[in-house]
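Below, all heavy atoms of this structure are taken into account, side chains as well, without hydrogens, waters or symmetry copies. Nothing here was measured: the structure is a model prediction, and the numbers come from that model.
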Amino acid sequence: MATVDDLQFEEFGDTTTSLAANPDATTISIEDPGETPKHRAGPPRGLGREEDDELLGNDDSDKTELLAGQKKSSPFWTFEYYQTFFDVDTYQVFDRIKGSLLPIPGKNFVRLYIRSNPDLYGPFWICATLVFAIAISGNLSNFLIHLGEKTYHYVPEFRKVSIAATIIYAYAWLVPLALWGFLVWRNSKVMSIVSYSFLEIVCVYGYSLFIYIPTAILWIIPQKAVRWVLVMIALGVSGSVLAMTFWPAVREDNRRIALATIVTIVLLHMLLSVGCLAYFFDAPEMDHLLTSTAAPNQTVVAAKSS
(Lines give C-alpha, C1' and ligand atoms only; values in the text may rest on other atoms or scores of the structure.)
Protein backbone atom coordinates (compact mmCIF):
# COMPACT_ATOMS: atom_id res chain seq x y z
CA MET A 1 0.00 0.00 0.00
CA ALA A 2 1.33 3.45 -0.95
CA THR A 3 2.49 5.65 1.89
CA VAL A 4 1.96 9.40 2.23
CA ASP A 5 5.51 10.06 1.08
CA ASP A 6 4.91 8.18 -2.15
CA LEU A 7 1.92 10.39 -2.98
CA GLN A 8 3.79 13.68 -2.65
CA PHE A 9 4.27 15.81 -5.77
CA GLU A 10 7.71 16.15 -7.17
CA GLU A 11 9.06 19.28 -8.81
CA PHE A 12 10.64 18.73 -12.16
CA GLY A 13 13.44 20.89 -13.27
CA ASP A 14 14.10 22.54 -16.55
CA THR A 15 13.55 20.52 -19.69
CA THR A 16 17.18 20.96 -20.68
CA THR A 17 18.41 19.51 -17.36
CA SER A 18 16.04 16.55 -17.64
CA LEU A 19 17.23 15.75 -21.14
CA ALA A 20 20.83 15.94 -20.05
CA ALA A 21 20.17 13.38 -17.32
CA ASN A 22 18.13 11.10 -19.58
CA PRO A 23 18.97 11.56 -23.29
CA ASP A 24 16.54 8.82 -24.38
CA ALA A 25 13.51 10.58 -22.89
CA THR A 26 10.76 11.85 -25.16
CA THR A 27 9.30 15.31 -24.64
CA ILE A 28 5.89 16.59 -25.68
CA SER A 29 5.30 20.32 -26.04
CA ILE A 30 1.82 21.60 -25.15
CA GLU A 31 1.11 25.12 -26.34
CA ASP A 32 -0.85 27.66 -24.37
CA PRO A 33 -4.40 27.96 -25.77
CA GLY A 34 -4.25 31.73 -25.52
CA GLU A 35 -0.99 31.87 -27.45
CA THR A 36 -1.42 32.60 -31.15
CA PRO A 37 0.72 30.62 -33.54
CA LYS A 38 3.33 32.41 -35.51
CA HIS A 39 2.61 33.25 -39.12
CA ARG A 40 4.30 30.95 -41.54
CA ALA A 41 5.44 32.46 -44.76
CA GLY A 42 3.76 30.98 -47.78
CA PRO A 43 4.82 30.88 -51.38
CA PRO A 44 5.11 34.31 -53.01
CA ARG A 45 2.13 35.40 -55.07
CA GLY A 46 2.37 36.98 -58.47
CA LEU A 47 1.67 40.66 -58.87
CA GLY A 48 -0.94 39.98 -61.54
CA ARG A 49 -2.86 37.62 -59.28
CA GLU A 50 -2.77 40.13 -56.42
CA GLU A 51 -4.16 42.79 -58.75
CA ASP A 52 -7.02 40.49 -59.79
CA ASP A 53 -7.78 39.66 -56.16
CA GLU A 54 -7.78 43.32 -55.28
CA LEU A 55 -10.12 44.19 -58.13
CA LEU A 56 -12.49 41.27 -57.84
CA GLY A 57 -12.38 40.78 -54.10
CA ASN A 58 -11.12 37.18 -54.08
CA ASP A 59 -9.05 37.68 -50.93
CA ASP A 60 -12.06 37.64 -48.66
CA SER A 61 -14.29 35.40 -50.74
CA ASP A 62 -14.17 32.51 -48.27
CA LYS A 63 -14.92 34.78 -45.33
CA THR A 64 -17.70 36.50 -47.27
CA GLU A 65 -19.36 33.21 -48.16
CA LEU A 66 -19.06 32.03 -44.57
CA LEU A 67 -20.60 35.21 -43.20
CA ALA A 68 -23.31 35.12 -45.84
CA GLY A 69 -24.13 31.57 -44.85
CA GLN A 70 -24.33 32.58 -41.21
CA LYS A 71 -26.63 35.52 -42.01
CA LYS A 72 -28.96 33.53 -44.26
CA SER A 73 -29.15 30.37 -42.24
CA SER A 74 -32.93 30.68 -41.87
CA PRO A 75 -35.14 28.63 -44.24
CA PHE A 76 -36.14 30.47 -47.40
CA TRP A 77 -39.86 30.19 -46.63
CA THR A 78 -39.51 32.21 -43.42
CA PHE A 79 -39.74 35.98 -43.04
CA GLU A 80 -36.33 36.10 -41.33
CA TYR A 81 -34.63 34.81 -44.47
CA TYR A 82 -35.84 37.77 -46.57
CA GLN A 83 -35.36 40.22 -43.74
CA THR A 84 -31.59 39.87 -44.09
CA PHE A 85 -31.79 41.31 -47.63
CA PHE A 86 -33.12 44.59 -46.19
CA ASP A 87 -30.70 44.78 -43.26
CA VAL A 88 -28.94 47.98 -44.33
CA ASP A 89 -28.66 51.43 -42.78
CA THR A 90 -29.09 54.86 -44.32
CA TYR A 91 -25.35 55.53 -44.44
CA GLN A 92 -24.70 52.41 -46.53
CA VAL A 93 -27.51 53.26 -48.96
CA PHE A 94 -26.24 56.83 -49.44
CA ASP A 95 -22.68 55.59 -49.81
CA ARG A 96 -23.72 53.15 -52.55
CA ILE A 97 -25.76 55.82 -54.31
CA LYS A 98 -22.75 58.12 -54.23
CA GLY A 99 -20.59 55.32 -55.63
CA SER A 100 -23.03 54.79 -58.50
CA LEU A 101 -22.99 58.52 -59.34
CA LEU A 102 -19.19 58.87 -59.10
CA PRO A 103 -17.63 55.73 -60.61
CA ILE A 104 -13.90 55.47 -59.99
CA PRO A 105 -11.82 53.94 -62.80
CA GLY A 106 -10.02 50.80 -61.67
CA LYS A 107 -12.23 50.34 -58.61
CA ASN A 108 -14.80 47.57 -58.46
CA PHE A 109 -18.27 48.69 -57.31
CA VAL A 110 -19.11 45.27 -55.88
CA ARG A 111 -15.95 45.05 -53.78
CA LEU A 112 -16.08 48.63 -52.52
CA TYR A 113 -19.78 48.91 -51.65
CA ILE A 114 -21.79 45.69 -52.15
CA ARG A 115 -19.88 42.55 -51.18
CA SER A 116 -19.83 43.20 -47.43
CA ASN A 117 -23.63 43.38 -47.25
CA PRO A 118 -25.65 43.13 -50.50
CA ASP A 119 -29.18 44.41 -50.08
CA LEU A 120 -32.50 44.71 -51.90
CA TYR A 121 -33.73 47.75 -49.97
CA GLY A 122 -31.92 50.30 -52.12
CA PRO A 123 -32.67 48.69 -55.52
CA PHE A 124 -36.36 48.21 -54.67
CA TRP A 125 -36.99 51.81 -53.64
CA ILE A 126 -34.81 53.24 -56.38
CA CYS A 127 -36.86 51.36 -58.98
CA ALA A 128 -40.13 52.39 -57.31
CA THR A 129 -39.08 56.05 -57.22
CA LEU A 130 -37.95 55.88 -60.85
CA VAL A 131 -41.31 54.40 -61.90
CA PHE A 132 -43.27 57.29 -60.39
CA ALA A 133 -40.72 59.86 -61.59
CA ILE A 134 -41.07 58.68 -65.20
CA ALA A 135 -44.88 58.38 -65.05
CA ILE A 136 -45.48 61.76 -63.38
CA SER A 137 -42.89 63.56 -65.49
CA GLY A 138 -44.39 62.04 -68.65
CA ASN A 139 -47.84 63.33 -67.72
CA LEU A 140 -46.50 66.80 -66.90
CA SER A 141 -44.56 66.87 -70.16
CA ASN A 142 -47.73 66.06 -72.10
CA PHE A 143 -49.60 68.79 -70.21
CA LEU A 144 -46.93 71.43 -70.92
CA ILE A 145 -46.82 70.56 -74.61
CA HIS A 146 -50.56 71.14 -75.04
CA LEU A 147 -50.74 74.05 -72.61
CA GLY A 148 -52.64 77.02 -74.11
CA GLU A 149 -54.69 75.03 -76.59
CA LYS A 150 -58.38 75.81 -76.21
CA THR A 151 -59.53 72.41 -77.46
CA TYR A 152 -57.18 70.45 -75.18
CA HIS A 153 -58.58 68.81 -72.06
CA TYR A 154 -55.96 67.28 -69.74
CA VAL A 155 -56.64 63.68 -68.70
CA PRO A 156 -54.06 61.93 -66.44
CA GLU A 157 -52.68 58.77 -67.99
CA PHE A 158 -52.47 56.39 -65.04
CA ARG A 159 -51.55 53.51 -67.34
CA LYS A 160 -48.08 55.03 -67.60
CA VAL A 161 -47.44 53.97 -63.99
CA SER A 162 -48.13 50.29 -64.71
CA ILE A 163 -46.19 50.41 -67.99
CA ALA A 164 -43.19 52.08 -66.35
CA ALA A 165 -43.29 49.59 -63.44
CA THR A 166 -43.33 46.64 -65.83
CA ILE A 167 -40.40 47.99 -67.84
CA ILE A 168 -38.21 49.05 -64.91
CA TYR A 169 -38.71 46.01 -62.69
CA ALA A 170 -38.43 43.58 -65.60
CA TYR A 171 -35.12 45.17 -66.56
CA ALA A 172 -33.85 45.27 -62.96
CA TRP A 173 -34.59 41.56 -62.39
CA LEU A 174 -34.58 39.69 -65.68
CA VAL A 175 -31.36 41.17 -67.08
CA PRO A 176 -29.38 40.41 -63.86
CA LEU A 177 -30.86 36.90 -63.87
CA ALA A 178 -29.69 36.32 -67.45
CA LEU A 179 -26.26 37.80 -66.72
CA TRP A 180 -25.87 35.69 -63.58
CA GLY A 181 -26.75 32.54 -65.50
CA PHE A 182 -24.28 33.46 -68.23
CA LEU A 183 -21.44 34.04 -65.74
CA VAL A 184 -22.16 30.73 -64.03
CA TRP A 185 -22.14 28.94 -67.38
CA ARG A 186 -18.88 30.57 -68.45
CA ASN A 187 -17.36 29.74 -65.07
CA SER A 188 -17.98 26.06 -65.81
CA LYS A 189 -16.09 26.50 -69.10
CA VAL A 190 -13.26 28.76 -67.94
CA MET A 191 -12.19 28.34 -64.32
CA SER A 192 -10.69 31.85 -64.10
CA ILE A 193 -14.09 33.46 -64.67
CA VAL A 194 -15.42 35.05 -61.48
CA SER A 195 -19.15 34.67 -61.05
CA TYR A 196 -20.93 37.25 -58.95
CA SER A 197 -23.91 36.18 -56.91
CA PHE A 198 -27.40 36.98 -58.20
CA LEU A 199 -28.03 39.33 -55.28
CA GLU A 200 -24.84 41.28 -56.00
CA ILE A 201 -25.77 41.71 -59.68
CA VAL A 202 -29.29 42.89 -58.79
CA CYS A 203 -27.75 45.32 -56.33
CA VAL A 204 -25.42 46.77 -58.97
CA TYR A 205 -28.22 47.20 -61.52
CA GLY A 206 -30.57 48.73 -58.95
CA TYR A 207 -28.12 51.38 -57.76
CA SER A 208 -26.98 52.14 -61.31
CA LEU A 209 -30.54 53.31 -62.11
CA PHE A 210 -30.52 56.05 -59.47
CA ILE A 211 -29.15 58.69 -61.85
CA TYR A 212 -32.26 58.31 -64.01
CA ILE A 213 -34.48 59.71 -61.22
CA PRO A 214 -33.25 63.34 -61.51
CA THR A 215 -32.85 62.80 -65.25
CA ALA A 216 -36.53 61.81 -65.61
CA ILE A 217 -37.56 64.92 -63.68
CA LEU A 218 -35.47 67.14 -65.97
CA TRP A 219 -37.01 65.45 -69.01
CA ILE A 220 -40.05 67.67 -68.37
CA ILE A 221 -38.15 70.45 -70.18
CA PRO A 222 -39.83 70.56 -73.63
CA GLN A 223 -36.57 70.75 -75.57
CA LYS A 224 -35.53 67.63 -77.44
CA ALA A 225 -31.84 68.64 -77.54
CA VAL A 226 -31.75 69.11 -73.75
CA ARG A 227 -33.43 65.75 -73.22
CA TRP A 228 -30.92 63.93 -75.39
CA VAL A 229 -27.98 65.62 -73.62
CA LEU A 230 -29.43 64.50 -70.28
CA VAL A 231 -29.95 60.93 -71.44
CA MET A 232 -26.40 60.74 -72.76
CA ILE A 233 -24.99 61.95 -69.44
CA ALA A 234 -27.08 59.47 -67.47
CA LEU A 235 -26.19 56.67 -69.86
CA GLY A 236 -22.49 57.49 -69.63
CA VAL A 237 -22.44 57.46 -65.82
CA SER A 238 -24.61 54.39 -65.22
CA GLY A 239 -23.17 52.49 -68.19
CA SER A 240 -19.62 53.04 -66.94
CA VAL A 241 -20.59 51.61 -63.53
CA LEU A 242 -21.88 48.44 -65.18
CA ALA A 243 -18.93 48.14 -67.58
CA MET A 244 -16.26 48.66 -64.90
CA THR A 245 -18.02 46.23 -62.57
CA PHE A 246 -18.45 43.31 -64.96
CA TRP A 247 -15.37 43.70 -67.16
CA PRO A 248 -12.96 42.28 -64.51
CA ALA A 249 -15.24 39.25 -64.21
CA VAL A 250 -15.15 38.35 -67.91
CA ARG A 251 -11.78 39.64 -69.10
CA GLU A 252 -10.12 36.26 -68.54
CA ASP A 253 -12.59 34.69 -70.95
CA ASN A 254 -12.25 34.58 -74.72
CA ARG A 255 -11.60 38.11 -75.98
CA ARG A 256 -14.58 38.18 -78.32
CA ILE A 257 -16.96 36.75 -75.73
CA ALA A 258 -15.77 39.25 -73.11
CA LEU A 259 -16.23 42.22 -75.42
CA ALA A 260 -19.59 40.93 -76.64
CA THR A 261 -20.77 40.59 -73.04
CA ILE A 262 -19.87 44.17 -72.12
CA VAL A 263 -21.34 45.54 -75.37
CA THR A 264 -24.58 43.64 -74.73
CA ILE A 265 -24.81 45.02 -71.19
CA VAL A 266 -24.33 48.59 -72.43
CA LEU A 267 -26.74 48.17 -75.37
CA LEU A 268 -29.52 46.85 -73.10
CA HIS A 269 -28.95 49.78 -70.78
CA MET A 270 -29.09 52.16 -73.71
CA LEU A 271 -32.29 50.54 -74.96
CA LEU A 272 -33.92 51.12 -71.57
CA SER A 273 -33.02 54.81 -71.36
CA VAL A 274 -33.77 55.68 -74.99
CA GLY A 275 -36.98 53.63 -74.94
CA CYS A 276 -38.29 55.41 -71.83
CA LEU A 277 -37.46 58.80 -73.33
CA ALA A 278 -39.11 57.97 -76.66
CA TYR A 279 -42.27 56.38 -75.22
CA PHE A 280 -43.05 58.56 -72.19
CA PHE A 281 -41.80 61.96 -73.41
CA ASP A 282 -41.35 62.12 -77.18
CA ALA A 283 -44.58 60.25 -77.99
CA PRO A 284 -46.84 63.16 -76.82
CA GLU A 285 -44.87 65.49 -79.11
CA MET A 286 -45.44 63.18 -82.06
CA ASP A 287 -49.15 62.97 -81.29
CA HIS A 288 -49.30 66.74 -81.09
CA LEU A 289 -47.55 67.13 -84.44
CA LEU A 290 -49.86 64.61 -86.08
CA THR A 291 -52.89 66.43 -84.68
CA SER A 292 -51.59 69.78 -85.86
CA THR A 293 -50.95 68.54 -89.40
CA ALA A 294 -54.29 66.76 -89.56
CA ALA A 295 -56.29 69.86 -88.58
CA PRO A 296 -55.52 71.92 -91.74
CA ASN A 297 -56.28 68.90 -93.94
CA GLN A 298 -59.66 68.50 -92.29
CA THR A 299 -60.35 72.19 -92.87
CA VAL A 300 -59.48 71.88 -96.56
CA VAL A 301 -61.71 68.80 -96.94
CA ALA A 302 -64.60 70.57 -95.22
CA ALA A 303 -64.17 73.60 -97.49
CA LYS A 304 -64.22 71.41 -100.60
CA SER A 305 -67.33 69.62 -99.38
CA SER A 306 -69.14 72.88 -98.87
Side-chain angles (χ1 to χ4, degrees), residues 52-53 55-69 71-77 81-82 84-88 96 99-100 103 107-127 130 165-210 212 238-273:
D52 293 342
D53 291 344
L55 194 59
L56 294 171
N58 294 336
D59 296 341
D60 304 328
S61 59
D62 295 337
K63 294 181 180 179
T64 304
E65 292 178 0
L66 180 60
L67 293 176
K71 288 180 61 177
K72 303 173 185 177
S73 57
S74 303
F76 72 91
W77 60 82
Y81 177 81
Y82 299 96
T84 58
F85 299 150
F86 296 85
D87 186 14
V88 64
R96 294 171 183 185
S100 67
K107 299 296 182 179
N108 190 279
F109 184 78
V110 173
R111 175 174 173 80
L112 290 179
Y113 304 101
I114 305 300
R115 178 149 291 180
S116 60
N117 183 25
D119 71 290
L120 293 180
Y121 179 86
F124 175 81
W125 286 111
I126 288 174
C127 292
L130 180 59
T166 302
I167 294 174
I168 298 300
Y169 278 101
Y171 173 80
W173 284 92
L174 296 182
V175 174
L177 179 62
L179 180 58
W180 172 74
F182 174 78
L183 292 178
V184 172
W185 173 64
R186 292 307 302 172
N187 189 25
S188 64
K189 301 291 183 180
V190 184
M191 295 303 296
S192 58
I193 298 296
V194 176
S195 180
Y196 296 121
S197 67
F198 175 66
L199 185 59
E200 290 173 345
I201 298 177
V202 170
C203 209
V204 173
Y205 269 84
Y207 282 103
S208 67
L209 293 175
F210 179 82
Y212 286 99
S238 57
S240 62
V241 172
L242 296 178
M244 289 190 297
T245 300
F246 295 108
W247 171 249
V250 299
R251 65 181 178 183
E252 298 297 332
D253 201 348
N254 183 276
R255 194 70 174 180
R256 293 183 178 179
I257 296 178
L259 292 176
T261 303
I262 300 301
V263 170
T264 302
I265 291 174
V266 175
L267 285 179
L268 289 175
H269 203 63
M270 183 184 300
L271 181 62
L272 173 73
S273 56

* Report, as yes or no, whether the 6.0 Å neighbourhood of atom CH2 on Trp247 holds more than 12 heavy atoms from other residues, nucleotides or ligands. =>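 Yes, enclosed.
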* Could you tell me whether Tyr121 atom OH has more than 12 heavy atoms of other residues or ligands within 6.0 Å of it? =>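 Counting other residues, nucleotides and ligands, OH of Tyr121 stays at 12 neighbours or fewer.
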Answer whether the closest heavy-atom distance between the side chains of [X] and [Y] falls below 4.5 Å.
X: Ile114; Y: Thr245; answer: no
X: Val204; Y: Leu242; answer: yes
X: Tyr171; Y: Ile167; answer: no
X: Phe210; Y: Trp125; answer: no
X: Tyr169; Y: Phe124; answer: yes
X: Arg186; Y: Val250; answer: no
X: Thr261; Y: Phe246; answer: no
X: Phe182; Y: Ile257; answer: yes

* **Exercise: identify the closest heavy-atom pair between Pro176 and Ala172** =>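 Reported closest heavy-atom pair: CG-O, 3.1 Å.
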Spacing of [X] atom [atom1] and [Y] atom [atom2] [to the nearest 0.5 Å]:
X: Ile201; Y: Trp180; atom1: CD1; atom2: CH2; result: 8.5 Å
X: Ile168; Y: Leu209; atom1: CD1; atom2: CG; result: 6.5 Å
X: Phe109; Y: Cys203; atom1: CZ; atom2: SG; result: 7.0 Å
X: Asn108; Y: Tyr113; atom1: CG; atom2: OH; result: 11.0 Å
X: Ile126; Y: Arg96; atom1: CD1; atom2: CZ; result: 10.5 Å

* To do: Return the set of residues passing side chain to side chain contact (heavy atoms under 4.5 Å, CB included) with Thr264 (not counting sequence neighbours), or none when no residue passes.
  =>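 Only Leu268 meet the side chain to side chain contact (heavy atoms under 4.5 Å, CB included) criterion with Thr264.
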Ignoring hydrogens and angles, tell me if any N or O in the side chain of [X] forms a donor-acceptor pair with the backbone of [Y] under 3.5 Å.
X: Tyr212; Y: Ser238; answer: no
X: Asn117; Y: Val88; answer: no
X: Ser100; Y: Tyr207; answer: yes

* Asked: Between Tyr205 and His269, is any side-chain donor less than 3.5 angstrom from a side-chain acceptor?
  ->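 Looking only at side-chain atoms, His269 and Tyr205 do not form any donor-acceptor pair under 3.5 Å.
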